[in-house]
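The block underneath contains the structure these notes are about, expressed in structure tokens.
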Amino acid sequence: MPGRMQSLPGFRDFFPSDCARRNYITGTWRRVARSFGFAEYDGPTLEPLDLYRKKNSGGEILGQLFSFTDRGEREVALRPEMTPTVARMLIAKAREYRKPIKWFSIAPFFRYEKQQSGRLREFLQLNCDLVGDASPAADAEMLALLIETMRAFGLTAEDIVVRVSDRGAWMDFLAQQGVKDEAQAREALSVIDKLEREPRETLEKKLSALGLTLSAVEEFIKSARPAFFEKLSGNLEARGLEDFCELDLRIVRGLAYYTGLVFEVFDRRQSRRALAGGGRFDRLLSDLSDGKVDLPAIGFGLGDVVLGDLLEDLPATKARMAAAIAAAQAVDIYVVVADESRRTEALGVVQLLRALGRSVDYPLGADKVGRQFKDADASGARYALVVGAEWPAMKLKDLKARTESDLPQESLADWAGSLQTPAP
RNA sequence: GUGGCCGUAGCUCAAUGGCAGAGCCCCGGAUUGUGAUUCCGGUUGUUGCGGGUUCGAGUCCCGUCGGCCACCCCA
């Protein structure tokens with residue numbers, strides 16, 4: 001195959017079944033976010049490169065940008081994350097919205113990195129942010145939104161875990177240990193972030209350079225119980241969601257702008273990349289607006305790639321997804337034209353059913369009835385409506401129950417109106 | 001970006017250095033008013049691409065592109 005005919009590495013074609021799968025995921029995201037009273041927003045796919053050069057993003061993301069110079073000599077980049085965009089939007093119009101501001105977006109993002117399991121160069125992400133409320137209740141609400149989003153796919157507390165940590169507790173600990181400088185604290189957190197990945201000697205060496213010891217760090221992780229966690233647990237317990245959350249101070253996250261609560265969602269069974277991550281960024285808006293807008297905020301991102309892999313791997317979530325995809329691709333009714341001389345009447349039936357909101361398919365040409373029933377079956381239709389010699393009556397066949405009855409023309413609209421519309 | 005494994009039909013895969021195959025899918029028929037399961041027939045192709053070794057390469061070698069995995073980091 002000629003190279004130009006292939007999609008670029010890390011980019012996906014969405015054939016109808018892939019599109020149905022994608023819509024299942026994004027539709028579920030949207031439904032749950034709206035159920036929490038969040039409003040959908042979006043921003044440009046292409047942004048000025050400077051938006052990511054400022055200190056708000058982590059350093060690593062700069063090296064992963066799809067960037068180029070446009071025809072107007074502007075340096076631009078495809079967005080690698082939503083937070084800088086939503087921060088700009090919030091700073092521009094923070095005063096127009098009652099607080100707390102609860103916004104979500106579902107959008108494609110781009111990162112130039114070598115693709116592998118769970119990582120592509122273009123991916124979708126749900127971003128949810130709650131702005132203008134620094135209370136633990138706001139933290140709990142965001143965690144509940146994240147958990148409910150996962151639950152909506154059929155995931156349980158046995159499948160996934162939200163590992164919760166607190167950068168504030170870490171900063172207190174570091175200050176207590178004599179790490180006062182902010183740059184040093186950030187350096188220490190990046191070492192702590194690698195606690196499970198690097199050999200002990202390397203960690204010891206890096207920590208001692210900062211005036212810390214590995215044993216003190218490990219003791220803190222083991223025994224510290226930040227006060228906020230009890231409130232969080234209580235709040236989630238009231239919703240029956242406490243089993244999803246665990247305190248795990250090993251989570252610190254790479255991005256520089258996080259200030260307090262941070263969290264990541266993991267598969268409990270397999271070692272997999274994080275499904276979602278987020279945290280509190282109470283100073284970001286102030287920093288970016290030079291103090292003009294000073295609002296606390298908490299948010300998270302949930303990507304479609306690792307989540308999709310997990311949903312495929314678990315039998316229960318896979319079956320649920322397959323059913324949703326089949327339903328999304330099916331039509332409600334297939335009209336069988338059993339007698340070509342009744343095609344005019346059949347088209348009238350099709351037109352009426354569609355006007356009543358049903359999805360309807362039918363043969364464009366004079367196919368044999370057997371062929372039409374095969375097509376009806378393949379279309380996923382629950383019902384076949386046979387228009388033929390008995391007109392103005394029709395035969396109505398329930399393709400699932402394999403039963404058949406008569407349907408007079410005058411009853412058609414009532415019947416169509418009585419059909420159950422499956423939940424989206 | 002660095003390293004390892006892999007690349008055969010639309011899909012899943014087979015073929016000791018010796019005639020490129022099977023199943024699924026798709027198309028047609030058995031069946032001119034009844035679909036899940038049957039039976040028959042048909043198209044699957046520059047073996048990712050380019051070079052090399054060889055009488056002969058899907059198979060061995062080199063390069064390249066693509067995929068998977070690890071590192072890095074993260075959704």
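Lettering follows sequence order; numbering is per chain, from 1. Computed from heavy atoms alone, side chains included, the values below leave out hydrogens, waters and symmetry copies. Just so we're clear, the structure is a prediction, and the values are computed from it rather than from any experiment.
Each of B:A75, B:G33, B:G66 was ranked by its minimum atom distance to the side chain of A:Val369; first place goes to B:G33. Closest approach to the A:Lys114 side chain among B:U34, B:G3, B:G33 is made by B:G3 (side chain taken as heavy atoms from C-beta onward). For A:Leu399, the listed nucleotide lying nearest its side chain is B:G35; candidates were B:G35, B:A75, B:U34.
Counting any heavy atom pair closer than 4.0 Å across all strands shown, A:Gly278 reaches no nucleic acid atom. Residue-level contact check: A:Glu113 touches the bases, meaning some heavy atom is under 4.0 Å from a base atom. Across all strands shown, A:Asp309 has no heavy atoms under 4.0 Å from either base or sugar-phosphate atoms. Among the heavy atoms of the strands, none lies under 4.0 Å from A:Leu124. A:Ala389 comes within 4.0 angstrom of a nucleotide base, judged by non-hydrogen atoms across all strands. A:Arg371 comes within 4.0 angstrom of the backbone, heavy atoms only, and of no base. When heavy atoms are screened at a 4.0 angstrom cut-off, A:Arg111 is found touching base atoms of the nucleic acid. Across all strands shown, A:Leu120 has heavy atoms under 4.0 Å from base atoms, whether or not it also approaches the sugar-phosphate. Looking at heavy-atom distances under 4.0 Å, A:Ala376 makes no contact with the nucleic acid at all. Looking at heavy-atom distances under 4.0 Å, A:Glu340 makes no contact with the nucleic acid at all. Residue contacts for A:Val386: at a heavy-atom cut-off of 4.0 Å it reaches a base atom on one of the strands shown.
A cation-pi arrangement is absent between A:Arg283 and A:Tyr257, since the terminal nitrogen or guanidinium carbon is not both under 6.0 Å from the aromatic centre and inside a 45° cone about the axis. In this structure, A:Arg79 is positioned above the aromatic face of A:Phe109, its NZ or CZ under 6.0 Å from the six-membered ring centre and within 45° of the axis.
Not one side-chain nitrogen or oxygen of A:Gln372 sits closer than 4.0 Å to the OP1 or OP2 atom of B:U34. Between A:Arg273 and B:C69 there is no side-chain polar atom (N or O) within less than 4.0 angstrom of OP1 or OP2. Within the structure, a side-chain polar atom (N or O) of A:Lys368 is placed less than 4.0 Å from OP1 or OP2 of B:U32. At least one side-chain nitrogen or oxygen of A:Lys194 sits closer than 4.0 Å to the OP1 or OP2 atom of B:C73.
In this entry B:C13 has B:G21 as its Watson-Crick or G-U wobble partner, both defining distances falling under 3.5 Å. Pairing of B:U64, defined by two Watson-Crick or G-U wobble distances under 3.5 Å, is identified with B:G48.
A stacking contact links A:Phe123 to B:A75: the aromatic ring centre lies within less than 5.5 Å of the base's six-membered ring centre, and the planes differ by less than 30°.
Ring centers of A:Tyr24 and A:Phe153: under 6.0 Å apart, within the cut-off. Aromatic pair A:Trp103/A:Tyr97: centroids less than 6.0 angstrom apart. Aromatic rings from A:Trp415 and A:Tyr383 are positioned such that their centres are separated by under 6.0 Å.
Sparse packing is recorded around CZ of A:Arg34, with 12 or fewer heavy atoms of other residues, nucleotides or ligands lying under 6.0 Å away.
Distance A:Gln116 CD to B:C68 P: 9 Å, rounded to the nearest Å.
The nearest heavy atom of RNA chain B to A:Arg402 and to A:Leu302 marks one nucleotide each, and the one closer to the 5' end goes with A:Arg402.
Remark: the separation of the C1' atoms in B:A9 and B:G23 is 12 Å, to the nearest Å.
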